[in-house]
Asker: 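To start, I am sharing the structure in question, which I have written as C-alpha cells.
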Number of protein chains: 2
Amino acid sequence: MKSLFTTPESKKKAILLGIRKALLDMGSATKAELSEKLGISFPTASKFLSQMEKAGEVVAMGLDHSSGGRRAHRYRYNPEHMLGLAVFLEKTETAYTIFNCLGEVKEQGTMASVLSENSLESFTHLLEGLIEKHPKINSMSIGVPGAVNQGNVIYIPGYRQFQNKDIKGYYEERFSIPVVVENDMNAAVLGYTITNKMIDNPSLVYLCFGQNGPGSGILINGDVVRGSTFFTGEVSFVPQYDHHNFLQALQNEGQPIDAISRLIASFTAILNPHRILFSQEEMTSAMLRDIQKRSSVYVPGEHLPELALSDWKRDYLNGLQSLGLELMISIHL
Amino acid sequence: MKSLFTTPESKKKAILLGIRKALLDMGSATKAELSEKLGISFPTASKFLSQMEKAGEVVAMGLDHSSGGRRAHRYRYNPEHMLGLAVFLEKTETAYTIFNCLGEVKEQGTMASVLSENSLESFTHLLEGLIEKHPKINSMSIGVPGAVNQGNVIYIPGYRQFQNKDIKGYYEERFSIPVVVENDMNAAVLGYTITNKMIDNPSLVYLCFGQNGPGSGILINGDVVRGSTFFTGEVSFVPQYDHHNFLQALQNEGQPIDAISRLIASFTAILNPHRILFSQEEMTSAMLRDIQKRSSVYVPGEHLPELALSDWKRDYLNGLQSLGLELMISIHL
DNA sequence: AGGACTTATTAAAGGCGTTTAATAAGTTTT
DNA sequence: AAAACTTATTAAACGCCTTTAATAAGTCCT
C-alpha cells in the first residue's frame, strides 16, 4: 500500500536521501543548517554527516565565519564520489556525456547513430568501454525518440531493434547499475525545469517541430504526462481547420503562425499551462510575438501561457542528467 | 522543504492516518492485518487500536473464524464517530448532504439557490443550523460552479457575492472545522474515481455541456489540473474549424457529433487519457458510439480513450464527500 | 480426551532519533 | 585581558517503535 516511513531502515534511507539532496541543492551546509532544513535533530545530522565524511561522500570545507559564537564546520558533497552517464540516441547521431553530481561534464563524445544499425551490439560496446574507463559511473540515462514505458521502448518508428525491448532491464542486468530510459521530449521538458527555477510543480509544454514531425513533452503539476497508450503529445493529430489537422496545416497552408496559435489556444483552453517552450533553433522571438498576438484571437489574452525560447539539446541533456542523478542519490541506501 | 517523516509526532500522525484509511478501505480488519498492510509492527498496531477503541473511534466486532490457531479479534471503524457536511451551490438550487465516514447519507435537503441572493447570509444561516443540529459534523465541503484557488473563489461569473471571497478561511474561522472548497467539475471527476476503481493515478476527463456552456474537469496522474490562471477545462475556446471554436460549433452547426469527436481527438492527441466521461443526462450510449467512430477519423482508434456515461450529480456529491472525508481523517492528529 | 501444532496476544529487550544538559570555542564588552 | 555572552558540538537520558521471547487460546490428530 503506502510506505508510511516507519521502519527504521526506510527512515535511515529517507534521512540519507534528504541530506544528499539538500547538500547538492544548497551547494554546502553546516550540520545545523541541515538539521534545520530537513527537520531532523542536530545529533542525527551530525552522525550521518560524520559517516558520510568517513566514506568520502562529503568533504569538510573548513570553518564558517563566526556569527558571534563558536565557528561551525561547513561541508559540501564530494561531486566526484559518483559519476553518471547520459546517452541520447537521435536519428543523426548518438551522443554521450559523463557528468558528476554537480552536473559538470567530465567527458563527452558522439558517434554515428546506433539507431541506423541492425542490432544493439555497437551501442552496448560503447557503453561497456565508457563504464570500464570510468568505474565510478553509477547510473545510466538513455534518451530515445520514441514511447517508453517503465524502461521498455514500446514504440519507436523505424527502429525495429529497439522496439519492445526492455532496455532498462537489459542494461541493469548487464552493468549492475541503475538505468533510466526516457522519451526525448519528456526528458527535455524535465530538464528545462531544472535550470529554470519556476514555481513548484509547474505545468508546461515543450513544443518541437523536429525531423520526425511535431511532438511535445507535457508536464502537469510537475509530473510527466504519459497517457494510456503513450500517445501523449502527438499534436500532429489535433483537428484545427475544416479539412486539416495540425500537421497538415503546418505542411500545406501558407500560415504556420495561425496553426501554431490555434494549438497554443487549444493547450490553453484545455490545460492552461504556465509556459510553453520552443526550440530556439526552430523559432524566433519575433515569431513568438506574432503567435502570442494571434493566439489571443482565440483565447482571452490573460489566460495565455508565457511563450519562451530555450536550447532544446541542452534541456534534453539536463533532463537525462537529472534523471540519472536522481537515480544515483537514491541508491546506496 | 520536505516532511521527511522523522519527528515522533508526525510519525504518530502518519500511523493513525494510515490505520484510519486502511480500516475504512478494508471495511474491517484484525490487528495482524493492519500491521501487515501498513508495514508497522504488531505491538504498535495493537497499541493504537486499543487507544482508538477506548476513544470510540473503532469498535470490536467479535472474533474471526479460526484458521487453525487462536481466533483473532476483528475491528471496524465506527462510521458515526465523525460526520461530514457536503454542500453544492448550483445555479438552480443549493443542496446539502450529511454523511458518515462510510459515505452513508444521514440527512439531505435542498433550498433555493443561494447564488441568486446578494449576500452569504442565508447560506451561512443554513450551515449554522445544520452544524448545531449535528454536533458531530467535523468537516465541510463546498462545491461551486467557478474557479477556486486554495479555498478562494476567484472567478464565478454572475455571482458577485462569492467573487474573491476566501470561503474556506471564512467558514473555518466561523465554525472551527476544516473546510474545503472545490470547483464542480473537479469534484465530479474526483468523485468518479472513488466509485469506479480504475488503475492507480488514472488520467481522465469529465466533459459536460451544462447550463453555463461546456466545461470539463481533468485529472492527470490522479491529480486535478488547475492551470496557471484556473482556466483549465474551458474547452469552449478550442479552435476546431476554419471559423468556429468548440462552443460555436456546438451552437451553430448541425453536427454536434463531429465537434465533440474533434474535441475527443484533441484530448487524445494532447493528453491521451484513459477515459472520458459524459453526463448520462446529456448523452446516450448510441451517441457515444457515433462519437467513438467519428473520433477515429482524426486519431488512430487504438489510442482513443474509453468513452463512458456516468451520473454527474452523484459523482459530484461523491467527490465532495471524499474531499470532506479526507479532511476529517487528517485531523485529530 | 490429551498431546502436537497454529495463530493471536502480551511482555521484555533493543535500536535509533530526539530532547535536554554539559562542554568547547569563539566574540564582544568592560 | 578577563568576564559575559553566543553559538557549535558532544554526552547523557528519554521516548517510541521494533524485534524477540513468552504466554494464551484455539484446532487437529490419535
Asker: In whole Å, what is the span from the CD atom of A/E33 to the P atom of D/dT9?
Answerer: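 Taking atom P of D/dT9 as the reference, CD of A/E33 is at 10 Å.
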Asker: From the list D/dT27, C/dG26, D/dT9, which nucleotide is the closest neighbour of the side chain of A/S66?
Answerer: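 Given the options D/dT27, C/dG26, D/dT9, the side chain of A/S66 is closest to C/dG26.
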Asker: With a non-hydrogen cut-off below 4.0 angstrom, is B/T30 in contact with a base, only sugar-phosphate, or nothing?
Answerer: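 Nothing, no nucleic acid heavy atom in range.
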Asker: Below 4.0 angstrom, N of the basic side chain to O of the carboxylate: do B/K37 and B/E33 qualify?
Answerer: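 The answer is no: the pair does not qualify as a salt bridge.
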Asker: Toward the 5' end of DNA chain C, which comes first, B/H73 or A/G68, by nearest nucleotide?
Answerer: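 Its nearest nucleotide lies further toward 5', so the answer is B/H73.
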Asker: What contact category does A/A32 fall into here, base, sugar-phosphate, or nothing, at under 4.0 angstrom with non-hydrogen atoms?
Answerer: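 No contact.
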Asker: Looking at A/K47, I'd like to know whether one of its side-chain N or O atoms comes within less than 4.0 Å of OP1 or OP2 on C/dG17.
Answerer: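 Yes, A/K47 has a side-chain N/O under 4.0 Å of OP1/OP2 on C/dG17.
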Asker: Whole angstroms only, please: what is the NZ-C1' distance between B/K13 and D/dC17?
Answerer: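 Spelled out: NZ on B/K13 to C1' on D/dC17 is 18 Å.
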Asker: Considering only D/dT19, C/dT27, C/dT19, which nucleotide approaches the side chain of A/S41 most closely?
Answerer: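 In terms of side-chain proximity for A/S41, the closest of D/dT19, C/dT27, C/dT19 is C/dT19.
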Asker: Can you tell me the distance, in whole Å, between the CG atom of A/L16 and the P atom of C/dC16?
Answerer: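 Atom-to-atom, A/L16 to C/dC16, this comes out as 15 Å.
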Asker: Output the rounded distance in Å from NZ (B/K11) to P (D/dC16).
Answerer: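 In whole Å, D/dC16 P and B/K11 NZ are 11 Å from each other.
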Asker: From C/dG17, D/dT10, D/dT7, pick the nucleotide closest to the side chain of A/S67?
Answerer: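 Nearest nucleotide to the side chain: D/dT7.
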Asker: When the nearest nucleotide of DNA chain C is assigned to B/S46 and to A/L63 on a heavy-atom basis, which residue is associated with the more 5' position?
Answerer: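 Its nearest nucleotide lies further toward 5', so the answer is B/S46.
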Asker: Quick one: do A/T193 and A/R275 satisfy side-chain contact (heavy atoms from CB on, under 4.5 Å)? Show the steps, please.
Answerer: CA-CA 11 Å; A/T193 62; A/R275 202 175 285 182; over 6 Å; no
Asker: Let me know, please, whether A/R71 or B/F42 comes out on the 5' side of the other along DNA chain D by nearest nucleotide.
Answerer: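 Comparing both residues, the 5'-ward one is A/R71.
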Asker: Report the C-alpha distance between B/R71 and B/D64 in whole Å, list the side-chain angles of each, state the deciding distance to 0.1 Å, and finish with yes or no for salt bridge (Lys or Arg N to Asp or Glu O under 4.0 Å).
Answerer: CA-CA 6 Å; B/R71 295 162 66 190; B/D64 256 25; over 6 Å; no
Asker: Reckon A/T44 touches a base, only the sugar-phosphate, or nothing at all at heavy-atom distances under 4.0 Å?
Answerer: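 Since a base atom lies under 4.0 Å of A/T44, the category is base.
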Asker: Angle class for the B/F88/B/Y316 ring planes (parallel below 30°, perpendicular above 60°, tilted otherwise)?
Answerer: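 If you compare the ring of B/F88 with that of B/Y316, the planes turn out parallel.
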Asker: What integer distance in Å separates B/D64:CG from D/dA25:P?
Answerer: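 That distance rounds to 17 Å.
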Asker: Between B/R70 and B/P43, name the one whose nearest nucleotide on DNA chain D is closer to the 5' end.
Answerer: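 Looking at DNA chain D, the more 5' nearest nucleotide goes with B/P43.
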Asker: Is the shortest distance from a Lys or Arg side-chain nitrogen in A/E326 or A/K21 to a carboxylate oxygen in the other one below 4.0 Å?
Answerer: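 So A/E326 pairs with A/K21 through a salt bridge.
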